[in-house]
Amino acid sequence: MKLTPVSERFILHWGEMGSRWGVNRTVAQIHALLFLAGRPVAADEIAETLALARSNVSNSLKELQAWRLVRVVHMIGERRDHFETSKDVWELFRLIVEGRRQREIDPTLTALRDCLMSPELDQEPKESVQRIQETLDFLETLTTWADEMLRLKPETLTKTLGIGARISHVVRRTKKQNTTATG
């Protein structure tokens with residue numbers, strides 16, 4: 001597959017963003033390639049297009065499958081596996097949020113609850129206990145909100161986010177006007 005300059009820039013940038021989010025650069029680049037291709041692609045073609053070792057591509061595809069971001073597709077007349085990702089940005093976002101929650105947020109919630117249930121809790125300073133409780137409350141609120149948002153259809157979620165942005169703008173403007181009037 002021949003990449004256009006724009007596609008190449010997108011893939012390279014997605015790889016950089018992936019590494020900043022704690023995802024291997026190659027994994028992110030392969031995901032970006034599949035997203036832009038919009039069709040099932042064989043691992044050999046991915047390796048050739050991105051100039052990667054076949055073993056690196058295989059390991060990266062396994063990681064993307066573990067995240068449920070890539071699925072195997074079988075093609076008639078082909079013995080090789082092909083791989084594709086969703087073309088729907090909202091679906092990808094939903095999968096990434098769900099994966100991050102399972103790997104990062106849920107274990108943190110468990111650890112915070114365990115801290116608050118600990119028999120040694122009475123030995124902790126009240127301020128520390130309060131901060132742990134506030135962190136737990138915050139994360140529980142955030143995950144409840146995220147669950148509600150992710151249940152919405154993409155078009156409803158887009159409208160909700162737009163309304164939220166407008167409300168935020170009005171609140172900032174009102175706050176600025178109040179500060180100016182009293183200052």
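From a predicted model like this one, the values you see are computed outputs, not experimental measurements. Starting from 1, each residue takes its place in the sequence as its number.
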Heavy-atom side-chain proximity of Leu34 to Leu61 below 4.5 angstrom
yes
Check for me, please, whether Val97 and Leu92 land in the same ILVMFWY cluster - side-chain distances under 4.5 Å, paths through other members count.
no
In terms of hydrophobic clustering (I, L, V, M, F, W, Y; side-chain heavy atoms under 4.5 Å; direct or indirect links), are Val89 and Ile30 co-clustered?
yes
Honestly curious: do Val6 and Met1 fall in one hydrophobic cluster under the side-chain, below-4.5 Å linking rule?
no
Min side-chain heavy-atom separation Gln133-Gln130 under 4.5 Å:
no
For the residue pair Arg25 and Arg20, establish whether any side-chain heavy-atom pair is separated by less than 4.5 Å.
no
Sequence neighbours excluded, which residues qualify as salt bridge (Lys or Arg N to Asp or Glu O under 4.0 Å) partners of Glu78?
Arg80
State, with a plain yes or no, whether a side-chain heavy atom of Arg172 is found less than 4.5 Å away from one of His169.
yes
For Arg54 and Ser58, does a side-chain donor sit closer than 3.5 Å to a side-chain acceptor?
yes
Salt bridge between Glu148 and Arg151, side-chain N to carboxylate O under 4.0 Å?
yes
Gap between atom CD1 of Ile96 and atom CH2 of Trp21 - 0.5 Å precision:
6.5 Å
Nearest atoms (heavy-atom pairs only) where Val73 meets Pro40:
CG1-CG, 3.9 Å
Ignoring hydrogens and angles, tell me if any N or O in the side chain of Thr49 forms a donor-acceptor pair with the backbone of Ile46 under 3.5 Å.
no
Decide yes or no for Val41 and His82: does some side-chain heavy atom of the first lie under 4.5 Å from some side-chain heavy atom of the second?
no
Looking at side-chain heavy atoms only, is the closest gap between Leu152 and Lys159 below 4.5 Å?
no
Same apolar cluster (I L V M F W Y, side chains within < 4.5 Å links), Val72/Phe35:
yes
Is a donor on one side and an acceptor on the other found under 3.5 Å between the side chain of Ser128 and the backbone of Glu124?
no
I want to check something: taking the side chain as every heavy atom from C-beta on, are Leu116 and Ile132 in contact at a cut-off of under 4.5 Å?
yes
Taking every non-hydrogen atom, the tightest pair across Asp88 and Ser86:
N-OG, 3.0 Å
Approximate separation, where rounding is to 0.5 Å, of Glu8 CD and Leu36 CG
11.5 Å
Grab the two heavy atoms, one from Leu12 and one from Gln29, that are nearest each other, plus how far apart they are.
CD2-NE2, 3.6 Å
Separation between OG1 (Thr110) and CD1 (Ile105), nearest 0.5 Å, reads 11.5 Å
Enter the distance from Thr85:OG1 to Leu95:CG here, rounded to the nearest 0.5 Å.
8.0 Å
With heavy-atom distances below 4.5 Å as the criterion, would you say the side chains of Thr26 and Leu50 are in contact?
no
Spacing of Cys115 atom SG and Leu136 atom CG [to the nearest 0.5 Å]
10.0 Å
List the steps and the verdict of side chain to side chain contact (heavy atoms under 4.5 Å, CB included) for His31 and Trp14.
CA-CA 8 Å; His31 184 250; Trp14 202 251; 3.6 Å; yes
Using the rule given for side chain to side chain contact (heavy atoms under 4.5 Å, CB included), can you reason through Leu33 versus Leu3, listing the C-alpha separation, both sets of side-chain angles and the distance that settles it, and then say yes or no?
CA-CA 9 Å; Leu33 174 68; Leu3 295 177; 3.8 Å; yes
Run the salt bridge (charged side-chain N to carboxylate O under 4.0 Å, His left out) check on Arg131 and Glu134 step by step: do they pass?
CA-CA 5 Å; Arg131 288 185 185 112; Glu134 287 171 354; 5.9 Å; no
Looking only at heavy atoms, the pair that brings Ala28 and Gly18 closest together is CB-CA, 3.9 Å
Please table the atom pairs, donor to acceptor, closer than 3.5 Å between any side-chain atom in residues 63-71 and protein atoms at least two apart or in another chain.
from, atom 1, to, atom 2, distance (Å)
Arg71, NE, Glu84, OE2, 3.4

Under 4.5 Å between side-chain heavy atoms, counting indirect links through other Ile/Leu/Val/Met/Phe/Trp/Tyr residues: same cluster for Leu112 and Leu121 or not?
yes
I'd like to know if the side chain of Thr144 reaches the main chain of Glu140, judged simply by a donor and an acceptor atom lying under 3.5 Å from each other, with no hydrogens or angles considered.
yes
So how far is it from Met75 CE to Arg39 CZ, rounded to the nearest 0.5 Å?
8.0 Å
Any idea how Phe93 and Trp90 line up, ring-wise: parallel (<30°), tilted (30 to 60°), or perpendicular (>60°)?
perpendicular
